[in-house]
Participant: 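To start, I am sharing the structure in question, which I have written as structure tokens.
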Amino acid sequence: MRFAVIVFPGSNCDVDMFHAIKDELGAEAKYVWHTEGSLEGYDGILLPGGFSYGDYLRSGAIARFSNVMNEVVKAAEAGKPVLGVCNGFQILLEAGLLPGAMRRNQNLKFMCRTVQLKVENADTLFTGAYQEGEIIQIPIAHGEGNYYCDEETLAKLKENKQIAFTYHGENPNGSLADIAGITNEKGNVLGMMPHPERAVDILLGSADGLRLFQSIVKHWRESHVVNA
Amino acid sequence: MYKVKVYVTLRESVLDPQGTAVKGSLHSLSYGEVQDVRIGKYLELTIGKSNRNLDGLVREMCERLLANTVIEDYRYEVEEVVAQ
């Protein structure tokens with residue numbers, strides 16, 4: 001399975017993401033610059049964290065109009081797995097691939113530490129290797145992760161089981177319904193504020209994030225290698 | 001040429017953590033009269049003459065990029081600038 005790690009001006013978790021895929025997961029990864037006009041040949045798309053375009057105007061607002069984003073939209077429509085972490089999540093929201101928007105953290109602070117997440121839905125291509133209701137340790141690092149959507153959208157998210165992860169124990173940013181990560185209706189696009197790519201080895205404090213990437217690969221193998 | 005002043009503010013239904021912090025600070029400076037503070041953005045666009053409808057153009061720019069209408073409202077004022 002080949003992953004594209006999309007790099008915007010101001011991305012800063014791209015190297016961590018690349019390392020997680022290549023060295024820890026053992027899959028293929030390539031950096032793809034935001035000006036690229038094609039994502040052909042990639043089976044999974046990863047939008048890493050950072051501060052694309054310096055977070056000017058709003059987080060992700062400018063990056064979402066990059067050339068490569070047209071291709072990300074196409075990949076999402078084609079059913080390929082698309083994962084946006086932190087700023088990547090914000091970009092997916094701005095692009096309309098996921099519903100809702102981010103506000104400044106409730107306490108106005110940049111929060112940077114490991115938090116507990118609850119796996120709300122283990123029946124997605126991103127979470128198959130977890131148990132439903134399992135508590136995992138994943139670091140967060142953001143100033144704008146206070147998720148918001150209107151009541152109607154929240155009801156839909158719940159009804160379609162689109163809430164993949166919630167914050168457990170305490171809500172670090174004020175996020176609506178403790179939301180830490182959501183998928184689209186089809187389930188092939190996941191956006192999450194916590195950084196699974198920073199939790200891929202016990203040396204880093206937690207390896208709970210690795211299973212997210214393993215889930216993607218397992219799902220891909222099952223759906224592609226059946227007829228091999 | 002036109003000068004367009006765009007104001008982007010959080011929707012009323014959306015809590016404004018920055019505004020709440022500033023209100024608290026004003027209260028602690030003994031401006032107890034302050035009932036609410038909302039923080040927004042102010043943008044000034046200088047727009048050259050074109051065949052396209054100015055209102056339509058500004059609205060389109062606001063909807064697509066300048067405001068995120070999930071959480072923000074926008075309004076704008078247009079001033080015609082006479083070349084000197």
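In the text below, chain A, chain B and the rest are named by the order of the sequence lines, each starting its count at 1.
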Participant: Begin with the C-alpha distance, continue with both residues' side-chain angles, and end with the deciding distance and a verdict on salt bridge (charged side-chain N to carboxylate O under 4.0 Å, His left out) for A:Arg58 and A:Glu94.
Facilitator: CA-CA 9 Å; A:Arg58 291 181 309 278; A:Glu94 284 285 341; 2.8 Å; yes

Participant: Evaluate A:Asp150 against A:Thr153 for side chain to side chain donor-acceptor pair (under 3.5 Å), listing each step before the verdict.
Facilitator: CA-CA 5 Å; A:Asp150 58 33; A:Thr153 307; 2.6 Å; yes

Participant: Determine whether more than 12 heavy atoms belonging to other residues, nucleotides or ligands lie under 6.0 Å from atom CG of A:Asp123.
Facilitator: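 Atom CG in A:Asp123 is not packed in, count stays at 12 or less.
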
Participant: Of the backbone (N, CA, C, O) and the side chain (C-beta and beyond), which part of A:Leu57 lies under 4.5 Å from a heavy atom of chain B, both, or neither?
Facilitator: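 Contact with chain B: backbone and side chain both.
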
Participant: Is it the backbone or the side chain of B:Arg64 that comes under 4.5 Å from a heavy atom of chain A, or both, or neither?
Facilitator: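 The answer is both parts of B:Arg64.
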
Participant: Check whether A:Asn105 gets within reach of chain B through its side chain, its backbone, both or neither, counting any heavy atom under 4.5 Å.
Facilitator: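 Looking at A:Asn105, just its backbone touches chain B.
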
Participant: Looking at A:Tyr148, does the NZ or CZ of A:Arg103 lie under 6.0 angstrom from its six-membered ring centre and within 45 degrees of the ring axis?
Facilitator: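 No, A:Arg103 does not lie over the aromatic ring of A:Tyr148.
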
